[in-house]
**Student:** 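Mind looking over this structure? Questions follow.
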Amino acid sequence: GENVEQHPSTLSVQEGDSAVIKCTYSDSASNYFPWYKQELGKGPQLIIDIRSNVGEKKDQRIAVTLNKTAKHFSLHITETQPEDSAVYFCAASGTGGFKTIFGAGTRLFVKA
Amino acid sequence: SAVISQKPSRDICQRGTSLTIQCQVDSQVTMMFWYRQQPGQSLTLIATANQGSEATYESGFVIDKFPISRPNLTFSTLTVSNMSPEDSSIYLCSVVISSGANVLTFGAGSRLTVL
């Protein structure tokens, strides 16, 4: 079955710096790759997603890239702010069902 | 997007007891799911809640331990039965609104601590 690996598990950056989180997936049939942000005491919230027919997508300070050949996708956060501090999960899912497999999560600390 | 309400938000339970978590959505949804998030861990799918029929369980999860109901398109319950400390987790209800997309929306979760 699908497996999603996520790195790093913890990331600490200075406010204003960029943060990059990387994921790999195993199932070549996966075609949808969402990223979720989970703040303390809350459920995960979708922040950006990308489908397999697109190589890159950007929304203000966040962007996601996808390399289908290498089965890699990454989240890029620029100009980080303290409110970006949270746990970020990458995920993958495919056609034929709605089962979504999540990465292990990255705890991001943005130091003011 | 859908608004999901989960109850209880947190509870402390005694070993051997059972607890039912409720998930109410403010609109009819295509799919409803229950996830478990153990402390400091990722999200693991327990089951898909099927409207009017038995839930579809993932490997490692069984109906006797996690009975699920979904009487209509906006409501589901998850029961954690005969609890042990290993069941201490956050349990999350999640929905897919549109059948044309796999976008999951999550509730705030129910944090259970089993003593």
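Chain letters run A, B, ... following the sequence lines, proteins first, then strands; residues in each count from 1.
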**Student:** For A/K68, does the NZ atom sit with more than 12 other heavy atoms under 6.0 Å from it, leaving out its own atoms?
**Tutor:** no
**Student:** Can you measure from CG (A/L46) to CZ (B/F106) and round to the nearest 0.5 angstrom?
**Tutor:** 9.5 Å
**Student:** Can you tell which part of A/Q45 gets under 4.5 Å to a heavy atom of chain B, answering side chain, backbone, both or neither?
**Tutor:** neither
**Student:** Do other residues, nucleotides or ligands put more than 12 heavy atoms under 6.0 Å from the CD atom of A/Q14?
**Tutor:** yes
**Student:** Please check if atom CZ in B/R10 has more than 12 non-hydrogen atoms from other residues, nucleotides or ligands closer than 6.0 Å.
**Tutor:** no
**Student:** Which atoms of B/E58 come close to chain A, meaning under 4.5 Å heavy atom to heavy atom: side chain ones, backbone ones, both, or neither?
**Tutor:** side chain
**Student:** Return yes if some donor-acceptor pair links the side-chain N/O of B/S42 with the main-chain N/O of A/G103 below 3.5 Å, else return no.
**Tutor:** yes
**Student:** Please check if atom CD in A/Q81 has more than 12 non-hydrogen atoms from other residues, nucleotides or ligands closer than 6.0 Å.
**Tutor:** yes
**Student:** Would you compute the distance between atom CD1 of B/I90 and atom CD of A/Q38 and round it to the nearest 0.5 angstrom?
**Tutor:** 6.0 Å
**Student:** For the candidates B/Q37, B/Q6, B/Q41, which exhibits the highest count of non-hydrogen atom pairs separated by less than 4.5 Å from chain A?
**Tutor:** B/Q37
**Student:** Taking atom NZ of A/K22 as the centre, does the number of heavy atoms from other residues, nucleotides or ligands within less than 6.0 Å exceed 12?
**Tutor:** no
**Student:** Distance from B/S94 atom OG to A/Y36 atom OH, nearest 0.5 Å?
**Tutor:** 6.5 Å
**Student:** Check this for me: B/L115, atom CG, are more than 12 non-hydrogen atoms of other residues, nucleotides or ligands nearer than 6.0 Å?
**Tutor:** yes
**Student:** At what distance, to the nearest 0.5 angstrom, does OH of B/Y35 lie from CZ of A/F102?
**Tutor:** 4.5 Å
**Student:** Does B/V25 share a hydrophobic cluster with B/L78, counting links as ILVMFWY side-chain heavy atoms below 4.5 Å and allowing steps through other members?
**Tutor:** no
**Student:** Nearest 0.5 Å, please: how far is CG in B/L45 from CD1 in A/I101?
**Tutor:** 7.5 Å
**Student:** Picking from B/T105, B/L104, B/L92, what satisfies side-chain contact (heavy atoms from CB on, under 4.5 Å) with A/P44?
**Tutor:** B/L92
